[in-house]
Each structure stands twice: as C-alpha cells, then as structure tokens.
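Everything on this sheet refers to the single structure shown next.
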Amino acid sequence: MSPDPTATDPLRLGTPSRPAAEIEAGDTETIQVVAETARIDKRVVEAGRVRVQTRTETTEEVLRETLRSDAVEVTRVPIDRVIAEGEVAPVTRTENGVTIIPVLEEVLVVEKRLVLKEEVHIRQTTSGEAVEVPVTLRRQHAVVERVSADGHANEVPTQEKTP
C-alpha cells in the first residue's frame, strides 16, 4: 500500500481515490466544506392500555338501637282548702319525682279569702323499646387491568386501605 501523498506533502491536497488539483501561486480555489447533522424523531407507540372498572357490592345488615320515649301523666287533685290570712300561697314544687303546680282562685265573699282549689300533679316516666331495622350498605372497589398491545389483559393488584 502506497503512502498517502497528502500526509507527506502539505502542498498537495486530495484523497487516494481522487488526486488533488494543483494550483499555481496567486490562483484561488474554493473548497466546499460539508457538515453532517443528526436529528432525532419521536413517535407515539402504543405499548398497552389500562382499563378501570368499578364494582358495587351490597351487604345486608341489621342495625339495633334502643329508642327512648318520655310519657307525661297529668292528674288533677281537688283540694278546696282556704288559705288562711297571712299564710304564704303554695308555689310550684317537686316531690318524689312529681312536679306539683298549685292552682289558686280568689273567691269573693263578705271577705276575700284565698282558696286552694286543686293541685296538678305531673309524673314523668321513661320507657325503652329495642328496634331492629334492616339496611342495605354499598361498597365500591376498583378493578384495574393492564391491557397489552396484543390484547391480553392482566389485573393490577391493589393495596387495600381500611377506613
């Protein structure tokens, strides 16, 4: 193999397949310079899909609770007692869980007297009743499937969180 003439002779330019042209002094020659560029193109390629479904489960449960109700019993107790002069008129009071409300009336006679006509006794009682009410509860969960480009579906495992 012969040595490259451009490597030893700096005045000669060219390649082994194309010899350099000789230029006389004072002449000019234009040499085109070529540069390569690189370009990256992107395109979307579908590698698979994800499918999400929700499913609702229902469960039947019975709720139990005690309902409380209050009942009031009203009893009128006739008294018809004259309140003596200077005696303090009775006031509302509670005795043994019974609220007593005095009912007073002024009666006109030759003299005015305060007469206790009656007392209203109010007794409160509380009772309870256990009740059961059937209810339907719903809970949803999501099923996630990854579908590959060739159409195969695989369920993606989920991490369950307890509320």
Side-chain angles (χ1 to χ4, degrees), residues 6-7 13 15 17-18 30-163:
T6 60
L13 299 173
T15 63
S17 63
R18 187 170 159 210
T30 302
I31 301 174
Q32 292 185 353
V33 178
V34 178
E36 290 183 330
T37 59
R39 184 175 81 200
I40 295 176
D41 287 332
K42 297 187 291 184
R43 60 187 170 101
V44 176
V45 176
E46 185 177 306
R49 295 181 181 188
V50 173
R51 178 174 41 212
V52 177
Q53 301 175 13
T54 59
R55 296 187 181 148
T56 302
E57 298 173 356
T58 59
T59 57
E60 297 293 325
E61 292 187 17
V62 175
L63 301 179
R64 291 177 176 83
E65 186 59 56
T66 299
L67 301 180
R68 194 185 82 199
S69 63
D70 292 333
V72 175
E73 175 188 333
V74 177
T75 306
R76 292 179 177 265
V77 178
I79 301 291
D80 281 332
R81 180 175 68 84
V82 176
I83 304 298
E85 191 171 324
E87 183 181 350
V88 177
V91 293
T92 302
R93 64 191 186 280
T94 301
E95 295 177 2
N96 298 323
V98 176
T99 302
I100 300 172
I101 302 171
V103 177
L104 301 170
E105 175 184 54
E106 285 185 344
V107 178
L108 186 57
V109 282
V110 176
E111 58 188 16
K112 183 167 78 170
R113 297 181 189 162
L114 190 57
V115 177
L116 176 60
K117 290 300 282 181
E118 68 178 342
E119 292 179 338
V120 176
H121 294 211
I122 299 174
R123 182 180 321 270
Q124 180 176 338
T125 58
T126 301
S127 63
E129 174 187 2
V131 295
E132 294 182 356
V133 179
V135 295
T136 300
L137 302 178
R138 295 175 186 86
R139 178 183 300 147
Q140 286 189 333
H141 65 276
V143 177
V144 179
E145 296 176 322
R146 187 169 298 281
V147 182
S148 64
D150 58 3
H152 291 90
N154 295 321
E155 188 169 327
V156 175
T158 59
Q159 296 176 346
E160 300 244 349
K161 290 184 180 178
T162 309

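Heavy-atom basis, side chains included; hydrogens, waters and symmetry copies ignored.
Contact of the Arg68 side chain with the Thr126 side chain is registered, since non-hydrogen atoms from C-beta on lie closer than 4.5 Å. Using a 4.5 Å heavy-atom cutoff, the side chains of Asp70 and Val72 are not in contact. Annotation: side chain of Ile101 is in contact with side chain of Ile122 (closest heavy-atom distance under 4.5 Å). In this structure, Pro102 and Thr92 have side chains that are in contact, with non-hydrogen atoms separated by less than 4.5 Å. Side-chain contact between Arg55 and His141 is present, with heavy atoms from C-beta onward closer than 4.5 Å. The shortest side-chain heavy-atom distance between Thr75 and Val120 does not fall under the 4.5 Å cut-off. Contact annotation: the side chain of Glu145 approaches that of Gln53 to within less than 4.5 Å [non-hydrogen atoms, C-beta and beyond].
Scanning for side chain to side chain contact (heavy atoms under 4.5 Å, CB included) contacts around Glu46 gives Arg49, with sequence neighbours left out. By the side chain to side chain contact (heavy atoms under 4.5 Å, CB included) test, Ala142 is found to be paired with Val52, residues two or more places apart in sequence or in another chain being considered. Judged as a side-chain hydrogen bond (donor to acceptor under 3.5 Å, both in side chains), and not counting sequence neighbours, Glu61 has no contacts. Qualifying side-chain hydrogen bond (donor to acceptor under 3.5 Å, both in side chains) partners for Thr66, counting only residues two or more places apart in sequence or in other chains: none.
What you find for Ala153 and Arg51 is that their closest heavy atoms are CB-NH2, 3.5 Å.
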Is there a side-chain contact (heavy atoms from CB on, under 4.5 Å) between Leu137 and Thr58? Walk through the geometry before answering. CA-CA 6 Å; Leu137 302 178; Thr58 59; over 6 Å; no

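Electrostatic pairing of Glu57 and Arg139 does not count as a salt bridge here, judged by no charged N lying under 4.0 Å from a carboxylate O. Here Arg39 pairs with Asp41 in a salt bridge; the nearest charged N to carboxylate O distance falls below 4.0 Å.
For residues 79-89, the side chain to side chain donor-acceptor pair (under 3.5 Å) pairs, not counting sequence neighbours, are Asp80-Lys117, Arg81-Glu87. For residues 94-107, the pairs satisfying side chain to side chain donor-acceptor pair (under 3.5 Å) are Arg93-Glu95, with sequence neighbours left out.
The structure places CD of Glu119 at 4.0 Å from CD1 of Ile79, a figure rounded to the nearest 0.5 Å. The CG atom of Leu116 sits 5.0 Å away from atom CD1 of Ile83, with the distance rounded to the nearest 0.5 Å. Between the CD1 atom in Ile100 and the NE2 atom in His121 there is a gap of 4.5 Å [rounded to 0.5 Å].
Using modelled atom types and a 3.5 Å distance limit, the side chains of Thr136 and Glu60 yield a donor-acceptor pair.
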